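To start, the structure itself, in structure tokens.
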Protein chains: 2
Amino acid sequence: MDQLEIFKALSNKTRLQILHWLKEPERYFPPQEHEDIHQVGVCVGQIQQKAGLNQSTISEYLSILQKAGLLKSTRIGQWTYYKRNEEAFLTLSQFITEEI
Amino acid sequence: MDQLEIFKALSNKTRLQILHWLKEPERYFPPQEHEDIHQVGVCVGQIQQKAGLNQSTISEYLSILQKAGLLKSTRIGQWTYYKRNEEAFLTLSQFITEEI
DNA sequence: AAGATATATCGACTTTTTCCGATATTCCAA
DNA sequence: TTGGAATATCGGAAAAAGTCGATATATCTT
């Protein structure tokens, strides 16, 4: 766990929002056509629409969150689905109370 | 609690180190002349020396950490002492497991 | 009151981050 | 196998953050 990389990933309003939305995907995103939203997460396009930023920006943001370990991705066909890596949040929370 | 401001404050190697040092000040700083290190914290000069960055830089960093709520400061005479605000870390930890 | 010391603030420059448009890649469907 | 759709990557302009030296402010000592 690279804490600095994680905190940098969390230092952006849109990225924080994305993480929040992905905590309850069925609440924040329309029903998903092809895949189970809890199994694989939400595809880039849905997230982009909701965030209202450029496609390339969101793609990069998701990649930043994934590199920091906060998201996991699955490619299915032409779609890439992103979901939270809950373990990372627990680890981070522990780090903050114990190590930092 | 402004989470974004907190994460920005944590997005810097030196600032993370400072927080870490202030968790066990007696371990990381030389014995303090005038004030009880646990009561009021560590003065700017000590922190600056240990960090090895310019005085103005450290002064600003401490101010950033304080504005984010992670540090508290006490001015005594010509010295400003900084110590951790442990409550803020607990709140942040909780936020990460529950809200984010 | 004057000099010394600790800290804060300011202005400048450099590096990093944000965000976009254009283009490339991957995969599906006809 | 060609066209279209979803995503990724690249290059760049603008904004923000990092860092310094110089200077200001506050306080202590004499």
Side-chain angles (χ1 to χ4, degrees), chain A residues 2-19 22 25 29-30 32-35 37 40-68 70-83, chain B residues 2-19 22 25 29-30 32-35 37 40-68 70-83:
Chain A
D2 181 342
Q3 322 97 280
L4 187 54
E5 189 180 10
I6 291 178
F7 289 131
K8 283 185 180 176
L10 295 173
S11 293
N12 176 282
K13 201 174 168 184
T14 304
R15 291 196 294 265
L16 282 180
Q17 279 195 115
I18 291 172
L19 292 174
L22 290 179
F29 296 96
Q32 197 144 282
E33 317 263 304
H34 302 287
E35 303 293 333
I37 206 169
V40 300
V42 180
C43 72
V44 179
Q46 293 294 326
I47 299 171
Q48 189 237 316
Q49 261 186 274
K50 187 149 182 72
L53 290 180
N54 195 283
Q55 184 272 319
S56 62
T57 302
I58 297 303
S59 177
E60 197 192 342
Y61 280 8
L62 292 170
S63 157
I64 288 171
L65 290 167
Q66 185 183 20
K67 275 176 195 142
L70 299 167
L71 293 183
K72 298 188 222 181
S73 75
T74 315
R75 176 103 199 196
I76 300 178
Q78 15 185 190
W79 291 275
T80 309
Y81 297 89
Y82 284 91
K83 65 186 277 197
Chain B
D2 180 343
Q3 323 97 280
L4 187 54
E5 190 180 9
I6 291 177
F7 289 131
K8 282 184 182 177
L10 295 173
S11 293
N12 176 282
K13 202 174 164 184
T14 303
R15 291 196 294 266
L16 282 180
Q17 279 195 115
I18 291 171
L19 292 174
L22 290 178
F29 296 97
Q32 196 145 281
E33 318 264 304
H34 302 288
E35 302 294 333
I37 205 168
V40 300
V42 180
C43 71
V44 179
Q46 293 294 326
I47 298 171
Q48 189 239 315
Q49 260 186 275
K50 187 151 182 70
L53 290 179
N54 196 284
Q55 185 272 321
S56 62
T57 302
I58 296 302
S59 177
E60 198 193 341
Y61 281 7
L62 292 170
S63 157
I64 288 171
L65 289 167
Q66 185 183 20
K67 274 176 194 141
L70 299 168
L71 292 184
K72 299 188 221 178
S73 75
T74 315
R75 176 104 198 194
I76 300 179
Q78 17 185 186
W79 291 275
T80 309
Y81 297 89
Y82 284 91
K83 66 187 272 197

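Chain letters run A, B, ... following the sequence lines, proteins first, then strands; residues in each count from 1. Predicted, not measured: the structure shown is a model, and the values here were computed from it.
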_Residue mapping more 5' on DNA chain C - nearest nucleotide basis, B/Tyr82 or A/Gly77_ = B/Tyr82

*Could you tell me which residues satisfy side-chain hydrogen bond (donor to acceptor under 3.5 Å, both in side chains) with B/Asn54, sequence neighbours excluded, listed by chain and number?*
B/Ser56

*asked:* Using a 4.0 Å cut-off on heavy atoms, which residues in residues 50-64 of chain B reach DNA chain C? List them by number, or say none.
replied: B/Gln55, B/Ser56, B/Ser59

*Terminal axes of the helix from C/dA1-D/dT30 to C/dA30-D/dT1 (five pairs each): angle between them, nearest 10 degrees*: 20°

*Under 4.5 Å between any side-chain heavy atoms of B/Leu10 and B/Leu70, yes or no?*
yes

Nucleotides 2-5 of chain C: which of its N/O atoms have a protein N/O under 3.5 Å away?
residue: C/dT5; atom: O2; partner: B/Gln78; partner atom: NE2; Å: 2.8

*Contacts of type side chain to side chain contact (heavy atoms under 4.5 Å, CB included), residue A/Glu60, not counting sequence neighbours*: A/Ile64

*Heavy atoms of chain B, cut-off under 4.0 Å: which first and last nucleotide of DNA chain D, 5' to 3', fall inside that, if you could look?*
D/dA17 to D/dC28

_Please enumerate all residues that pass side-chain hydrogen bond (donor to acceptor under 3.5 Å, both in side chains) together with A/Tyr81, with sequence neighbours excluded._
none

*Can B/Ile18 and B/Leu22 be said to form a side-chain contact (heavy atoms from CB on, under 4.5 Å), step by step?*
CA-CA 6 Å; B/Ile18 291 171; B/Leu22 290 178; 3.9 Å; yes

*Under 4.5 Å between any side-chain heavy atoms of A/Leu16 and A/Asn12, yes or no?*
no

*Name all residues meeting the side chain to side chain contact (heavy atoms under 4.5 Å, CB included) criterion together with A/Ser63; count only those two or more places apart in sequence or in a different chain, and write none if there are none.*
A/Lys67

*To the nearest 0.5 Å, what is the distance between CG (A/Leu4) and CZ (B/Arg15)?*
9.5 Å

*Side-chain contact test, heavy atoms from C-beta onward, threshold under 4.5 Å: evaluate it for A/Trp79 versus A/Arg75 and give yes or no.*
no

*asked:* Distance check needed: C/dA8 P versus B/Tyr81 OH, whole Å only.
replied: 12 Å

_Those residues that, when tested against B/Ser73, pass side chain to side chain contact (heavy atoms under 4.5 Å, CB included) (two or more places apart)_ = B/Gln66, B/Thr80, B/Tyr82

*For residues B/Glu35 and B/Ile76, determine if any side-chain heavy atom of one lies less than 4.5 Å from a side-chain heavy atom of the other.*
yes

*asked:* Once side chain to side chain contact (heavy atoms under 4.5 Å, CB included) is applied, do any residues pair with B/Ala51, and if so which ones, sequence neighbours excluded?
replied: B/Thr14, B/Trp21, B/Ile58

_For atom CZ of B/Arg75 and atom C1' of C/dT9, their distance in whole Å_ = 13 Å

*Does any non-hydrogen side-chain atom of A/Gln48 lie less than 4.5 Å from one of A/Leu53?*
no

*Please report, rounded to the nearest Å, how far the P atom of C/dC19 is from the CD atom of A/Gln48.*
14 Å

_Check the phosphate of C/dT17 against A/Asn12, side-chain N and O only, distance under 4.0 Å to OP1 or OP2. Yes or no?_
no

